[in-house]
Protein chains: 2
Amino acid sequence: MIKYAILGLLHYKDMHGYRIKEHIEQNFGHMWSINYGQIYPNLKKLYEDGLISMTEMNQNGEKGPTRKLYSITGKGKKEFSRWLEESPEKPMLLRDPFLMRFVFYGFGDNNRFDEIIDNQVKRYENDLKRRIKNLKKWNKNSIYVRLIAELGINLNEMFITWLKHSKEEILKDISDNTGTEMKTGKRRIT
Amino acid sequence: MIKYAILGLLHYKDMHGYRIKEHIEQNFGHMWSINYGQIYPNLKKLYEDGLISMTEMNQNGEKGPTRKLYSITGKGKKEFSRWLEESPEKPMLLRDPFLMRFVFYGFGDNNRFDEIIDNQVKRYENDLKRRIKNLKKWNKNSIYVRLIAELGINLNEMFITWLKHSKEEILKDISDNTGTEMKTGKRRIT
DNA sequence: CAATATATATATAGAAAGTATATATTAAAA
DNA sequence: TTTTAATATATACTTTCTATATATATATTG
């Protein structure tokens, strides 16, 4: 996927590796993060496959060694379009690091349960605040990025509502089953 | 993370590799998928680190070669608890294969846009149907799994609403900018 | 002006996650 | 009795992600 994402950025404009990372941080910060260890090997592969071309540029005035400026080729545009219309794989809910923990909370310490859930609610709330604050920034970008930013806000609101409701449900379940041993959350994952 | 997820399953009950995969498919199907190439190397690592113990079992009556039955150790339970209370990493919105494509739709063919969006709405709707149908099944499981299943339904409903709204916004944007060249979606990713 | 710090830029090693396939054993079927 | 199917483990390979090493040109400082 990253291969195509990089191709997409080069579809927008010619860039070298360092600039790609900078661009992602400035234009997709908190929605997407990338590392040089993903960028450079992918650029190399895309170049070898003829999906991008390269020219070395010795810059004037600015710091640093020579840049390798990459451009998308005709073949690259074609391959990118193909990917764009391909039907995307379904994301798995439990690949979310919080949700993966959540399914196992039955094995945790009930005394610390409140604290852990409340901390996660706080994390979602901070995230929501940041996203609302940044909404103006996204408005200046592509309509597509702005719509994703709106989705992020909807998601945060939903997660907060869901998690607060879940906390109540779980506390009710814990108090219902106190002492019965056979029906605790711990025993019912199956 | 998978290391801990496997540890969590063994916290519930002793299992061998093959059974772990079966268990995940039956109890977390469509929320989580796993592969033998993730299970066996992780079991090996967990065993080497003393987080689980192993006994070889030659089964009677049932098919197949000897099983390696794994159990969580005291050390394993302690390490699992530590992980459970650790603060989880934030998931990145654009790691979703559909959303990653979505931000680049400005580079696609406007004539095919409707079709692509409508197909994705259909995917979300089918997913929603399946999740509602399976809700009874999750009710028999742990309360935590049931709550995640409810979250899945909320998510699907939200995505459908968001995507239908987004489609209208984008169509409006496309018709507003037709012919102006300078302000099309294509040019405004930045 | 020489030494050093800083920003720019690329490259690669290594861990973790995910896909695909090879190999072996036993019970049941043909 | 040979083949098929289910059970079970193992490993090779790819992709994703994290961390760090290396190099260069400009700016800064003594």
Side-chain angles (χ1 to χ4, degrees), chain A residues 1-7 14-26 28 32-49 52 54-70 83 88-97 100, chain B residues 1-7 14-26 28 31-49 51-52 54-70 83 86 88-92 94-97 100:
Chain A
M1 188 166 80
I2 285 163
K3 177 185 152 181
Y4 292 99
I6 289 172
L7 211 49
D14 298 350
M15 281 186 266
H16 56 280
Y18 191 81
R19 191 71 66 238
I20 288 174
K21 182 150 194 284
E22 197 184 55
H23 184 90
I24 289 170
E25 278 161 6
Q26 286 172 6
F28 304 97
W32 182 23
S33 66
I34 199 164
N35 194 290
Y36 292 126
Q38 297 171 268
I39 294 173
Y40 290 105
N42 271 293
L43 284 172
K44 198 180 170 187
K45 184 75 189 341
L46 286 165
Y47 180 69
E48 284 165 4
D49 294 346
I52 59 178
M54 188 265 284
T55 28
E56 262 179 290
M57 310 274 285
N58 49 341
Q59 66 248 55
N60 41 346
E62 282 162 86
K63 280 179 187 175
T66 58
R67 299 168 177 170
K68 289 182 176 174
L69 193 70
Y70 293 95
W83 173 76
E89 318 86 82
K90 260 184 217 163
M92 293 282 159
L93 259 186
L94 296 189
R95 279 185 199 165
D96 178 306
M100 181 60 97
Chain B
M1 189 166 79
I2 284 162
K3 175 184 153 182
Y4 292 100
I6 289 172
L7 213 48
D14 298 352
M15 280 186 267
H16 55 282
Y18 190 82
R19 191 71 66 237
I20 287 173
K21 182 149 194 287
E22 197 185 55
H23 185 90
I24 288 169
E25 277 161 6
Q26 286 172 5
F28 303 97
M31 290 182 180
W32 182 23
S33 66
I34 199 164
N35 193 290
Y36 292 127
Q38 297 172 268
I39 294 173
Y40 290 106
N42 272 292
L43 284 172
K44 198 179 170 186
K45 185 77 189 341
L46 285 166
Y47 180 70
E48 284 164 6
D49 294 346
L51 302 180
I52 59 179
M54 187 266 283
T55 28
E56 263 179 291
M57 311 273 286
N58 49 341
Q59 66 250 53
N60 40 348
E62 282 162 86
K63 279 178 186 174
T66 57
R67 298 166 177 171
K68 288 182 177 175
L69 193 71
Y70 292 95
W83 173 76
E86 207 176 56
E89 318 87 82
K90 261 185 216 163
M92 294 282 159
L94 296 189
R95 281 184 199 164
D96 177 307
M100 182 60 98

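All chains are named by letter (A, B, ...) in the order of the sequence lines, taking the proteins before the strands, and each is independently numbered beginning at 1. Computed from heavy atoms alone, side chains included, the values below leave out hydrogens, waters and symmetry copies.
Here the C1' atom of nucleotide D/dT24 and the CD atom of A/E56 are 13 Å apart, to the nearest Å. Regarding B/E62, its CD atom lies at a distance of 12 Å from the P atom of D/dT9, rounded to whole Å. One interatomic measurement links the two molecules: CD1 of A/I39 to P of C/dA9, which rounds to 12 Å at whole-angstrom precision. Between B/M1 atom CE and D/dT16 atom P the separation is 16 Å, expressed in whole Å. For the pair A/E89 CD and C/dG18 P, the computed distance is 12 Å after rounding to whole Å. A straight line from NZ of B/K21 to P of D/dT9 spans 13 Å, rounded to a whole angstrom. The distance between atom CD1 of A/I20 and atom P of C/dT10, rounded to the nearest whole Å, is 9 Å. Rounded to an integer number of Å, the gap from A/K45 NZ to D/dT16 P is 11 Å.
Note on A/K3: nothing from the nucleic acid sits closer than 4.0 angstrom, heavy atoms only. Here A/G17 lies in heavy-atom contact (under 4.0 Å) with sugar-phosphate atoms only.
Atom CG of B/L7 sits about 13.0 Å away from atom OH of B/Y70, to the nearest 0.5 Å. Remark: B/I39 CD1 to B/L46 CG distance equals 12.0 Å, nearest 0.5 Å.
The 5' end of DNA chain D is approached more closely, in terms of each residue's nearest nucleotide, by A/N42 than by the other of A/N42 and A/T66. A residue-by-residue look at A/Y40 and B/P65 shows that A/Y40 has its nearest nucleotide of DNA chain C further toward the 5' end. Summary of the strand contacts: B/P41 and B/R19 both lie near DNA chain D, and taking for each the nucleotide with the nearest heavy atom, the more 5' one is attributed to B/R19.
Distances shorter than 4.0 Å separate none of the side-chain N or O atoms of B/Y36 from OP1 or OP2 on D/dT9. For C/dT8, the OP1/OP2 oxygens have a side-chain nitrogen or oxygen of A/Y18 closer than 4.0 Å.
Taking only side-chain atoms of B/K68, from C-beta outward, the nucleotide of D/dT11, D/dA10, C/dT19 with the closest atom is D/dA10. When the nucleotides C/dT19, D/dC17, C/dG18 are ranked by their closest atom to the side chain of B/R95, D/dC17 comes out on top. Closest to the A/K63 side chain, of the nucleotides C/dT10, D/dT7, C/dT6, is C/dT6. Nearest to the side chain of B/N35, among D/dT9, C/dA20, D/dT11, sits C/dA20. In the set C/dT19, D/dT18, C/dT10, the nucleotide with an atom closest to the side chain of A/Q38 is D/dT18.
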- Assess whether side-chain contact (heavy atoms from CB on, under 4.5 Å) is satisfied between B/L51 and B/K3, documenting all intermediate values. CA-CA 10 Å; B/L51 302 180; B/K3 175 184 153 182; 4.1 Å; yes
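The aromatic rings of A/F28 and A/W32 stand perpendicular to each other, their planes meeting at an angle above 60°, with 30° marking the opposite boundary.
Within the 4.5 Å cutoff, side-chain heavy atoms of A/R19 are placed close to those of A/R67.
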